[in-house]
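Both backbone and side-chain heavy atoms feed into the values below; hydrogens, waters and symmetry mates do not.
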Amino acid sequence: MPEPNTKRLKVIQWATGGVGKAAIEAVLNHPELELAGCWVHSAEKNGRDVGEILGREPLGVVANSNKDDVLALAADCVVYAPLIPDDDEVKTILRSGKNVVTPVGWVYPDRRDARVQAIEQACLDGGVTLHGSGLHPGGITEKFPLMISALSTAITHVRAEEFSDIRTYNAPDVVHHIMGFGATPEEAAQGPMAALLEGGFKSSVWMVADYLGFRDPTFASTQEVAVAAAPIDAGYLKIEPGRVAARRFRWQALVDGEPVITAAVNWLMGEQDLDPAWTFGERGERFELEVDGDPHLEVVVKGLQPDSIAEGLRRNPGVVATANHCVHAIPQTCAAEPGIKTYLDLPMIAGRPAPKLAGAVR
């Protein structure tokens with residue numbers, strides 16, 4: 001029997017928004033990892049103990065807004081979790097000799113793309129690995145459908161779809177200025193959200209289509225909005241009548257004009273006073289995975305949306321799950337050969353027990 005692995009991998013957290021804070025907690029709970037440093041954007045967080053930023057006891061790790069100082073730290077991996085990725089920043093991290101796991105891209109990159117090639121070259125220059133992870137996209141959309149597809153044959157369509165109440169997402173500036181809630185339908189259609197989402201979801205759709213072996217797929221996407229029929233007060237955002245209060249996006253791979261892969265999101269500011277009168281349906285908030293084949297399979301995932309708005313604003317489980325999925329991939333990412341590695345390249349990624357129940361890692 002092999003000897004237990006006692007060497008802990010040193011991890012730097014890059015940005016401390018909702019995902020970043022949850023990632024730190026996951027690192028602290030993981031028997032193979034230890035927190036070595038933390039980069040923060042704001043001057044208000046600079047110089048503070050990371051435990052204080054999390055609202056817990058001091059950890060003895062100080063947050064720093066100087067990138068050079070953070071990259072000078074001895075560490076094996078960076079959990080890169082800003083709101084929007086910066087290619088140059090990622091390349092600098094990789095060339096510093098640090099592996100990267102991230103929920104903000106590279107789930108299934110097109111290696112013909114010059115930007116992707118530059119990132120991969122930075123991996124090779126630093127002798128390290130980049131792994132894109134997350135939730136939706138980054139798991140629900142491609143990893144889990146591929147897993148359950150093994151139970152079916154003669155597959156004609158695979159669907160992954162989210163139904164979420166966006167009132168629980170505690171990021172007012174993102175919800176309004178990037179996601180377009182509270183804007184006019186025309187403003188929302190021209191905003192950055194569709195392009196930001198398509199970069200991730202298109203990759204997810206291609207991953208499933210490629211791996212299952214569908215013939216010569218083409219890509220299509222659609223978006224719809226519902227507006228407020230009466231004033232909607234989401235607490236952190238008030239939406240006036242006629243302004244965007246719900247959004248639907250669909251990304252599809254088509255063969256012979258028919259969808260074979262579908263990824264979709266349904267984001268609603270609650271179910272009241274919407275025009276059209278969209279709802280979550282009788283199943284409520286959820287993620288759905290469906291494989292049309294022999295047999296027909298459907299999996300409904302609950303627990304990734306909070307039970308109440310107040311709970312979501314305090315600690316959204318979908319955000320926590322996104323961070324956990326990244327952190328649990330760190331040992332496999334650090335052990336991989338240099339380059340960009342997807343779920344298709346890495347071995348099984350799983351969670352870990354509560355620290356009081358954890359045994360030796362083998």
Side-chain angles (χ1 to χ4, degrees), residues 5 7-42 44-65 70 73 75-83 93 98-104 131-136 138-140 143 164 168-171 174 301-334 349-359 361:
N5 176 16
K7 179 182 179 297
R8 291 193 173 196
L9 298 169
K10 296 181 182 294
V11 179
I12 291 171
Q13 177 57 46
W14 201 275
T16 55
V19 172
K21 289 178 181 177
I24 293 170
E25 295 282 2
V27 168
L28 297 176
N29 286 331
H30 200 297
E32 299 171 65
L33 308 177
E34 67 175 272
L35 187 68
C38 180
W39 178 82
V40 290
H41 179 267
S42 71
E44 186 269 333
K45 293 179 180 178
N46 182 51
R48 295 173 61 189
D49 188 281
V50 175
E52 180 187 349
I53 294 173
L54 266 60
R56 56 180 292 166
E57 72 280 356
L59 298 175
V61 177
V62 176
N64 194 327
S65 60
V70 175
L73 296 171
D76 300 284
C77 190
V78 171
V79 179
Y80 182 75
L83 178 61
I93 296 170
K98 296 173 178 62
N99 298 281
V100 172
V101 296
T102 178
V104 293
H131 174 62
S133 180
L135 182 64
H136 189 65
I140 290 288
K143 181 179 182 181
S164 291
T168 66
Y169 188 53
N170 192 11
V174 175
V301 181
K302 304 284 279 187
L304 295 176
Q305 287 99 351
D307 292 331
S308 67
I309 294 174
E311 178 190 334
L313 295 177
R314 182 184 62 82
R315 190 170 187 266
N316 191 302
V319 172
V320 174
T322 299
N324 291 342
H325 204 197
C326 287
V327 169
H328 291 143
I330 291 174
Q332 292 86 342
T333 300
C334 291
I349 296 167
R352 288 293 181 267
K356 67 179 181 181
L357 302 176
V361 177

Identify the heavy atoms of [X] and [Y] that sit nearest to each other, and give their distance.
X: Pro306; Y: Pro317; value: N-CG, 3.6 Å
X: Arg352; Y: Ala350; value: NH1-O, 3.6 Å
X: Ala23; Y: Ala323; value: N-CB, 3.4 Å
X: Asn29; Y: Pro355; value: OD1-CG, 3.8 Å
X: Thr102; Y: Tyr80; value: OG1-O, 2.7 Å
X: Pro353; Y: Ala358; value: CG-CA, 3.8 Å

Say you draw a straight line from [atom1] of [X] to [atom2] of [Y]; how long is it, rounded to the nearest 0.5 Å?
X: Ser42; Y: Arg48; atom1: OG; atom2: CZ; value: 8.0 Å
X: Asn99; Y: Ile12; atom1: CG; atom2: CD1; value: 11.5 Å
X: Lys21; Y: Leu54; atom1: NZ; atom2: CG; value: 7.0 Å
X: Glu32; Y: Cys334; atom1: CD; atom2: SG; value: 10.0 Å

Less than 4.5 Å apart, side chain to side chain, heavy atoms only: is that true for Ile140 and Leu304?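 Yes, side chains in contact.
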Does atom [atom1] of [X] have more than 12 heavy-atom neighbours from other groups under 6.0 Å away?
X: Asp307; atom1: CG; value: no
X: Arg56; atom1: CZ; value: yes
X: Lys45; atom1: NZ; value: yes

Check: [Y] main-chain N/O paired with [X] side-chain donor or acceptor under 3.5 Å:
X: Asn316; Y: Thr168; result: yes
X: Trp39; Y: Ala15; result: no
X: Gln13; Y: Val79; result: yes
X: Asp76; Y: Leu9; result: no
X: Lys143; Y: Ser133; result: no
X: His30; Y: Ala26; result: no
X: Thr16; Y: Val40; result: no

Mind running side chain to side chain contact (heavy atoms under 4.5 Å, CB included) on Leu28 and Leu59 for me, showing each step along the way? CA-CA 10 Å; Leu28 297 176; Leu59 298 175; 3.9 Å; yes
Start with the C-alpha gap between Tyr169 and Val174, add the side-chain angles, then the distance that decides, and say whether side chain to side chain contact (heavy atoms under 4.5 Å, CB included) holds. CA-CA 9 Å; Tyr169 188 53; Val174 175; 4.0 Å; yes
I need the single residue from Leu73, Leu35, Ile53, Asp49 that forms a side chain to side chain contact (heavy atoms under 4.5 Å, CB included) with Val61. Which is it?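 Single pass found, and it is Leu35.
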Derivation and outcome, side chain to side chain contact (heavy atoms under 4.5 Å, CB included), residues Val62 and Val50: CA-CA 6 Å; Val62 176; Val50 175; over 6 Å; no
Go through it in stages, so that I can follow the logic: the residues are Leu135 and His325, the test is side chain to side chain contact (heavy atoms under 4.5 Å, CB included), and I'd like the CA-CA distance, side-chain angles, deciding distance and then a yes or no. CA-CA 7 Å; Leu135 182 64; His325 204 197; 5.9 Å; no
Could I get the full list of side chain to side chain donor-acceptor pair (under 3.5 Å) partners for His131, not counting sequence neighbours? none
